[in-house]
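Residue numbers start at 1 and run along the sequence shown.
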Amino acid sequence: MEQSNPKFRLRLNLFDALILVLVLVVGGALVWFGLRSDGGSGQESAAGTVRYTILIQRMAQGDSELIQPGDQLEETVENHRLGTVVSVQAEPALVQVLDQENRRYVQAQLEGYEDVYITVESTCTQQEDALLLDGGYDFRVGQAITARGPGYMGSGRVTQIVREGQA
C-alpha cells in the first residue's frame, strides 16, 4: 500500500491576510526606527572643554573666601560632578529699591552680603538642547544649580557658557 501524503497548502482568509500584513508593517516600522536612531543622527558631538559662570546672589559677606580655585564642585541633589573652580569674583550685592521721591527703582547696595561669580571648567558633550557635563549633569544658561564644594554650598544660576574655541 502506498501512503498518501497530502501537499501542504496555505489557505488564508481575508482576516488572516490582514493580520499578517499588519504584523509585517509594524515589524518593519520597528526595525526602521530602531536602525535610524542607532545610526548616529548627529545629535551629540565629541567631548570638549567648557567654562561656565555660576552667580550666587546674596552670599554672606566673607563667605566667598571659602571658595578657592582648584576646588571640585558637585551638584547637591544627585551628586553629579560639575567641574573644577577656575576663578572666584565677589562683588557687593545689589538690589532694586523704590526711590519714593522720584518714583522709580534704583540699584542699592545690600549691606552684609555679596554676589559671587564662580567660573568652573569641565569637559562636556553637546546634546540636542543642552550641554551634558562629564559628570552626567545637563545644563543651560539661566538654569538654577545648587553646588557644593569643600566646606561650602550655594545655589545660583548659570550666567555664561563658553566652549573651547569660541570667543
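Ile145 CD1 to Ser155 OG: the interatomic distance, rounded to the nearest 0.5 Å, is 9.0 Å. For the atom pair Leu24 CG and Ile19 CD1, the distance stands at 11.5 Å (nearest 0.5 Å). Atom-to-atom distance recorded for Arg157:CZ and Ile56:CD1 is 12.5 Å, nearest 0.5 angstrom. If you take CD1 on Ile54 and CD on Gln143, they are separated by 10.0 Å, rounding to the nearest 0.5 Å. The line from CG of Leu55 to OH of Tyr117 is 4.5 Å long, rounded to the nearest 0.5 Å. Distance check, rounded to the nearest 0.5 Å: CZ of Arg163 to OH of Tyr52 gives 14.5 Å.
Counting only N and O atoms by type, the side chains of Glu75 and Thr146 include no donor and acceptor under 3.5 Å apart. Side chains of Ser87 and Thr119: a donor-acceptor N/O pair is present below 3.5 angstrom, by distance only. Using a 3.5 Å distance cut-off with no hydrogens or angles, the side chains of Ser64 and Glu114 do pair a donor with an acceptor.
Within 6.0 Å of atom OH in Tyr152, more than 12 heavy atoms from other residues, nucleotides or ligands are found, so the atom counts as buried in its surroundings.
Val116 and Leu66 fall within the same hydrophobic cluster, where Ile, Leu, Val, Met, Phe, Trp and Tyr residues are linked whenever their side-chain heavy atoms come under 4.5 Å apart, directly or through other members. Transitive grouping of hydrophobic side chains (ILVMFWY, heavy atoms separated by less than 4.5 Å) keeps Leu18 and Leu20 in distinct clusters. Cluster membership check: Val86 does not share its hydrophobic cluster with Val50, using side-chain heavy-atom separations under 4.5 Å among Ile, Leu, Val, Met, Phe, Trp and Tyr. Note on Val158: it clusters hydrophobically with Ile67, by side-chain heavy-atom contacts below 4.5 Å among ILVMFWY residues. Linking ILVMFWY side-chain heavy atoms closer than 4.5 Å, directly or via other members, places Leu94 and Met59 in two distinct hydrophobic clusters.
Looking only at distances, a side-chain donor or acceptor of Gln68 sits under 3.5 Å from a matching main-chain atom of Glu65. Checked by atom type and distance alone, the side chain of Glu78 never pairs as donor or acceptor with a backbone atom of His80 at under 3.5 Å. Under a 3.5 Å cut-off, the side chain of Asp71 and the backbone N or O of Pro150 do not form any donor-acceptor pair.
In terms of heavy atoms, Thr76 sits closest to Met153 at CG2-SD, 3.6 Å. Listed here is the closest heavy atom pair of Ala147 and Leu73: CB-CD1, 4.4 Å.
Between Arg148 and Glu74 there is a salt bridge, with a side-chain nitrogen of the basic residue lying less than 4.0 Å from a carboxylate oxygen of the acidic one.
Two residues are said to be in side-chain contact when any heavy atoms from C-beta on lie closer than 4.5 Å; Arg58 and Val95 meet this criterion.
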